[in-house]
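Structure, as structure tokens:
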Amino acid sequence: QVQLVESGGGLVQAGGSLRLSCAASGRTLSSYGMGWFRQAPGKEREFVAAISASGGTTYYADSVKGRFTISRDNAKNTVWLQMNSLKPEDTAVYSCAARGTGAAVRTATWYSYWGQGTQVTVSS
């Protein structure tokens, strides 16, 4: 069993930056593929970024490519999402997720463990 806790959300002006953290407990993350997803009010959950267990493979949604960076430190059991040049349309609850195999994937249903999420609000 893996427990995930996100932090780092908040209110930021458009153009600003935030760094989200996802801390894991219960199991080491070194063999888990990890992902970040977001859900805005009235919208479906959408993929943001994913990283393989080794960190060697990353994927991004087109809407965040070039602005967001996913990274991980398996020794710290932590995954981060660095978000730069934030836009009002990035406003959502951001959740991290883990899957029991090491590949990075974009599909939410392939993830077994989820955090509670952290709110990101970008004002214009």
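A salt bridge (charged side-chain N to carboxylate O under 4.0 Å, His left out) check over residues 46-61, counting only residues at least two apart or in different chains, returns the pairs R38-E46. The side-chain hydrogen bond (donor to acceptor under 3.5 Å, both in side chains) contacts involving residues 115-124 comprise Q119-T121, where partners must be two or more places apart or lie in separate chains. Within the structure, every pair that satisfies the ring-ring contact (aromatic ring centres under 6.0 Å, His included) test and touches residues 12-46, not counting sequence neighbours, is listed here: F37-F47, F37-Y111, F37-W114. A salt bridge (charged side-chain N to carboxylate O under 4.0 Å, His left out) check over residues 68-78, counting only residues at least two apart or in different chains, returns nothing.
In terms of the side chain to side chain donor-acceptor pair (under 3.5 Å) criterion, T69 has no residue partners (sequence neighbours excluded). R67 is linked by a side chain to side chain donor-acceptor pair (under 3.5 Å) to D90, counting only residues two or more places apart in sequence or in another chain. Residues satisfying the side-chain contact (heavy atoms from CB on, under 4.5 Å) criterion with S112, sequence neighbours excluded, are absent altogether. Under the side-chain contact (heavy atoms from CB on, under 4.5 Å) criterion, S30 pairs with T28, N74, sequence neighbours left out. T107 pairs by the side-chain contact (heavy atoms from CB on, under 4.5 Å) definition with T109, W110, not counting sequence neighbours. Take S25 and apply the side-chain contact (heavy atoms from CB on, under 4.5 Å) test, not counting sequence neighbours, and it matches Q3. K65 meets the salt bridge (charged side-chain N to carboxylate O under 4.0 Å, His left out) test with D62; sequence neighbours excluded.
When all heavy atoms of S95 and G115 are compared, the pair lying nearest together is OG-O, 4.2 Å. Residue V93 comes nearest to G117 through the heavy atom pair CG1-CA, 3.9 Å, listed as atom of the first residue, atom of the second, then distance.
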Without placing hydrogens or testing angles, list every side-chain donor-acceptor pair under 3.5 Å for residues 16-23, not counting sequence neighbours.
| residue | atom | partner | partner atom | Å |
| --- | --- | --- | --- | --- |
| S17 | OG | N84 | OD1 | 2.9 |
| S21 | OG | W80 | NE1 | 3.3 |

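Contact annotation: the side chain of I51 never approaches that of T57 to less than 4.5 Å [non-hydrogen atoms, C-beta and beyond]. When side chains are defined from C-beta on, M34 counts as touching L4, because their heavy atoms get closer than 4.5 Å.
Remark: side-chain polar atoms of S52 are not paired, donor with acceptor, to backbone N or O of A103 under 3.5 angstrom. Using a distance-only test at 3.5 Å, with no hydrogens or angles considered, no donor-acceptor pair links the side chain of Y94 to the main chain of Q39. Panel note: side chain N77, backbone R27; a donor-acceptor pair is recorded below 3.5 Å.
Partner of V64 under the side-chain contact (heavy atoms from CB on, under 4.5 Å) criterion, chosen from L81, I70, L86, V48: V48.
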